[in-house]
Amino acid sequence: MDVLTLSRLQFGLTIAFHYIFPPLSIGLGLILVIMEGLYLKTKNPLYHLMARFWVRIFGLIFAIGVATGIVMEFQFGTNWSAYSRYVGDVFGSALAAEGIFAFFLESGFLAILLFGWNKVSPRFHFFSTIMVALGAHFSAIWIVVANSWQQTPAGHHIVGQGLNARAEIVDFWQMVLNPSSVDRISHTFMGAWQAGAFFILSVSAFYLLRKKHQDFAKTSIKIALIVAAVASVMQLVTGHSSAQGISVTQPAKLAAFEAHYAESAAAPLYLFGWVNEKEEKVLMGVKIPGLLSYLVHGDFERPVTGLRAFPPDKRPPVNFVFQTYHGMVAIGMALIALSLGGLFFWWRRWLFNLKWYLWILVFSVLGPQISNQLGWFSAEVGRQPYIVYNHLLTSEAFSKSISSGEVITSLVMFVVIYIFLLALFVYLLNEKIRQGPSEDGIISEEHRA
Amino acid sequence: MNFTFDLNSIWFMLVGVLFTGYAILDGFDLGVGALHLFTRTDEERRLMINSIGPVWDGNEVWLVTGGGALFAAFPIVYATAFSGFYLALMFVLFALIFRAVAIEFRSKQPMLWWRRLWDISFSASSITASFLIGVALGNIAWGVPLDAEHEFAGTFLTLLNPYSLMVGITTLALFIMHGSIYVVLKTEGALHEKARPWVNNAIIFFVICYLSTTVATLLYVPHMTEYIIGHPVLFVVPILNMLAIANIPREIHHRRDFRAFLSSCASMLALLALFGIGMYPYMIYSRPSPENSLDIYNAASSARTLEIMLIIAVIGMPLVLSYTIVVYRIFRGKVKLEPTSY
């Protein structure tokens, strides 16, 4: 395989693996703030126990997130040097801002979160938790800003010609608040909150089914269920708003989401299907006529730009984008049903007795993880063949000075190391969950008081 | 001195400050890692890891932010260096990954084989990362072949020249010296007494490496010494460096460990300043065709970006420094093992 394909494979793999962890730390961070806040307000030691337990798991997740995240930043230079030269002026400042405003905040206060229980006052510890959660959110903001600029470039101009062409910044705030930033940040936040909330739901439901740590599990479930419900419903809103934005800024991507080929016509919404890209039609598809037109324009008849408006070499791989997008939406809907159902059962006081529902919760942790991955895939692959939409082709962006042998070497090492890391992570997570929350010397006397 | 204080020079210094911050902070925890296997018992090893426990990942953020600043301020350097040093950098990344997970995972299981495995992994990855960072610095000083498009025109083997390997070993020695002082500073009792003699041995090891590297630089890398020879007042920097190093055994002898650590920080600061002065205004020196070199002008972002970044740095850096100081203050004093320790 050539350097371009190998580099794409490596980037996709390393970012997909990395992206298991940041959403969990963002979502767990938020819930930790809630738990510690409740502890400070009520002084109920149960909340303290909960915060202690989830902080330990947070530490494990954070460590792997950092270890795999550092790879992402360096990869722009190692594998995508032509891209780095082209966009450094614009894209680099968002990355540097992430370092200065987010990472330092997060990692500095994380030390207090993990090791400072007996060294600082409960109030200061709570403050540190807020800082860590803020840092995690800031980090997402800057990285999504950088990525959104690739989707909908703004605030820049192009100087130079051909090989020497590069983007230069004109207006920083226009670059930061480019047309897709706000939609994509809120969509990413909700996905991350879901990841954290369903993670806690899963572990707590497991304890209830095993009849262990009952008070702990019930209280955790209540908090997480509220976060899950809010995030899941809001996800529908942010998703809808994102899709409307995409219909204006990236029409080829939107058309690929729904495999809408007709150049300009009222567009249906598919529930599922299989796209035959050669014949430009959807096989075995079940569709609702005009619904895409309605969702985009509020009018069932108004046409939506189709894929035929773009030459074949300027279209993304349609079936891949269609499947990942529909997978994300389907899981999103299921998560709404699951969390609203949970609220209903809670209201009817059935929640902790419905075994089948608790079992679904145990497995629900995979839902946000899979839909977050699918969402990224559809967003990133939907931008193809461009790496910077309408500006720079992915095929022009890779490093010319590296050999395929070098990339194969690193790719194989990444695969081996990441499989090993994932196995270790699951093993250690399982151990921590089995041990469960415990009182052994964790709450010091002064904190009990 | 006739440094022209244009934006490009300011950013040359700021990127230098970030990487110097990285060297000084991660330098001691890499050094602790390199020394890790010199301890024997589980308790000693736990003390070693927990001495850096709360701060190592914050220290690594200096590298991430330095990389981000380099990307933004000098994207051509970022692109050329990182793609040119491809395999070497990948090995640094793998070492940093292993190091992070070794620290995190070691304490999670009581089995002896489990802890041994992560001890070796922690130490080996610390040594590898320190050495390779030095090799990279060595290559930047020595010069690498660049073509007219500023692309790296060598191979992996180009990077393994004797001078760069020498700088690699010197860097490892420097981090070991810095780390040994940190261990002395952070421990008490048996481990403290055990670590005390490490410092003098490490200083001897480092001074031998440093002198050989200096001679090699004078003989074979004249472009690194041009600027300083043209501005003799700058000789104060290497002199301060030697004084700082000489001061370390004195402070250790008088058991003023914190002052010894400050001396070690000062010597690292001087060394990196020397490196920066030697390079200025080049960022990647091209050998054998110096006309293809990347300097702070032909490799920089637009003035607008440098301005914006300066505003970001002026707002951000005081915040960063203030909570770095807060964290270090909270965890000051001798390391103690607690239930939340690794």
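Basis for what follows: all heavy atoms, side chains included, without hydrogens, waters or symmetry-related copies. Within every chain, numbering begins at 1; the chains are lettered A, B, ... in the order of the sequence lines, protein sequences first and strands thereafter.
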Pairs of heavy atoms under 4.5 Å with chain A: top-ranked of B:V77, B:I76, B:L70, B:I312: B:I312
Heavy-atom proximity to chain B below 4.5 Å, by part of A:F398: neither
Per-residue contact mode, B:A81 against chain A (heavy atom under 4.5 angstrom): neither
Flag side-chain contact, heavy atom, 4.5 Å: A:S84 against B:P75: no
Beyond-backbone contact of B:T305 with A:F172, side-chain heavy atoms, under 4.5 angstrom: no
A:E73 side chain vs B:G68 backbone, donor-acceptor pair below 3.5 Å: yes
Selection from B:W118, B:W56, B:F156 maximising heavy-atom pairs under 4.5 Å formed with chain A: B:W118
B:I308 versus chain A, the contacting section by heavy-atom distance below 4.5 Å: side chain
A:F124 side chain near B:I330 side chain, heavy-atom distance below 4.5 Å: yes
Interatomic distance, A:S81 atom OG to B:H150 atom NE2 [nearest 0.5 angstrom]: 13.0 Å
Proximal component of A:I64, with respect to chain B [non-hydrogen, under 4.5 Å]: side chain
Which portion of B:Y78 sits near chain A, non-hydrogen atoms under 4.5 angstrom: both
Trace of the side-chain contact (heavy atoms from CB on, under 4.5 Å) decision for A:M413 with B:F91: CA-CA 10 Å; A:M413 286 179 77; B:F91 288 124; 3.8 Å; yes
Chain B contact via A:F420 - which portion, at a heavy-atom distance below 4.5 Å: side chain
A:D89 side-chain N/O to B:S302 backbone N/O, donor-acceptor pair under 3.5 Å: yes
Closest-packed option against chain A by number of heavy-atom pairs under 4.5 Å, given B:G67, B:G66, B:A313: B:G67
Engaged part of A:F76 at the chain B interface, taking heavy atoms whose separation is under 4.5 Å: both
Residue, of A:T68, A:I112, A:L110, A:L95, that accumulates the most heavy atom pairs under 4.5 Å with chain B: A:I112
Rounded distance [0.5 Å steps], CG in B:L93 versus CD1 in A:I70: 6.5 Å
Contact winner vs chain A - B:W62, B:F152, B:F94, B:F74, heavy-atom pairs under 4.5 Å: B:F94
Choice from A:M131, A:E106, A:R166, A:E98 maximising heavy atom contacts with chain B below 4.5 Å: A:R166
Proximity breakdown for B:V326 and chain A, heavy-atom pairs closer than 4.5 Å: side chain
Identified side chain to side chain contact (heavy atoms under 4.5 Å, CB included) counterpart of A:F104 within the set B:L319, B:V320, B:L321: B:V320
Min side-chain heavy-atom separation B:I315-A:F101 under 4.5 Å: yes
Under 4.5 Å from any heavy atom of chain A - which part of B:V101: side chain
From CA spacing to verdict: side-chain hydrogen bond (donor to acceptor under 3.5 Å, both in side chains), B:Y86, A:S410: CA-CA 9 Å; B:Y86 188 84; A:S410 59; 2.8 Å; yes
Contact leader toward chain B among A:L424, A:V66, A:V170, where contacts are heavy-atom pairs under 4.5 Å: A:L424
Validation row: B:Q109, A:L428 side chains within 4.5 angstrom (heavy atoms): yes
Stepwise ring pair (Phe, Tyr, Trp, His ring centres under 6.0 Å) test for B:F82 and A:F74: CA-CA 7 Å; B:F82 286 18; A:F74 283 78; 5.0 Å; yes
Taking every non-hydrogen atom, the tightest pair across B:E104 and A:A63: CG-CB, 3.6 Å
Side-chain heavy-atom pair B:M90, A:T78 within 4.5 angstrom cut-off: yes
Closest-packed option against chain B by number of heavy-atom pairs under 4.5 Å, given A:G59, A:A82, A:A97, A:S401: A:S401
Presence of salt bridge, B:E149 and A:R85, under 4.0 angstrom: no
A:L421 vs B:I97 side-chain heavy atoms within contact, under 4.5 Å: yes
Most chain B-contacting option - heavy-atom pairs closer than 4.5 Å, from A:S107, A:G77, A:A67: A:G77
Greatest number of heavy atom pairs closer than 4.5 Å to chain A - which of B:N59, B:V327, B:V92, B:D57: B:D57
Top of B:A72, B:S83, B:S301, B:A100 for chain A proximity - count of heavy-atom pairs under 4.5 angstrom: B:S83
Under 4.5 Å from any heavy atom of chain A - which part of B:T155: neither
Distance, nearest 0.5 Å, that separates CD of B:E151 from OG of A:S399: 7.0 Å
Heavy-atom pair count under 4.5 Å with chain B, highest-scoring of A:V87, A:T409, A:V71, A:V55: A:V71
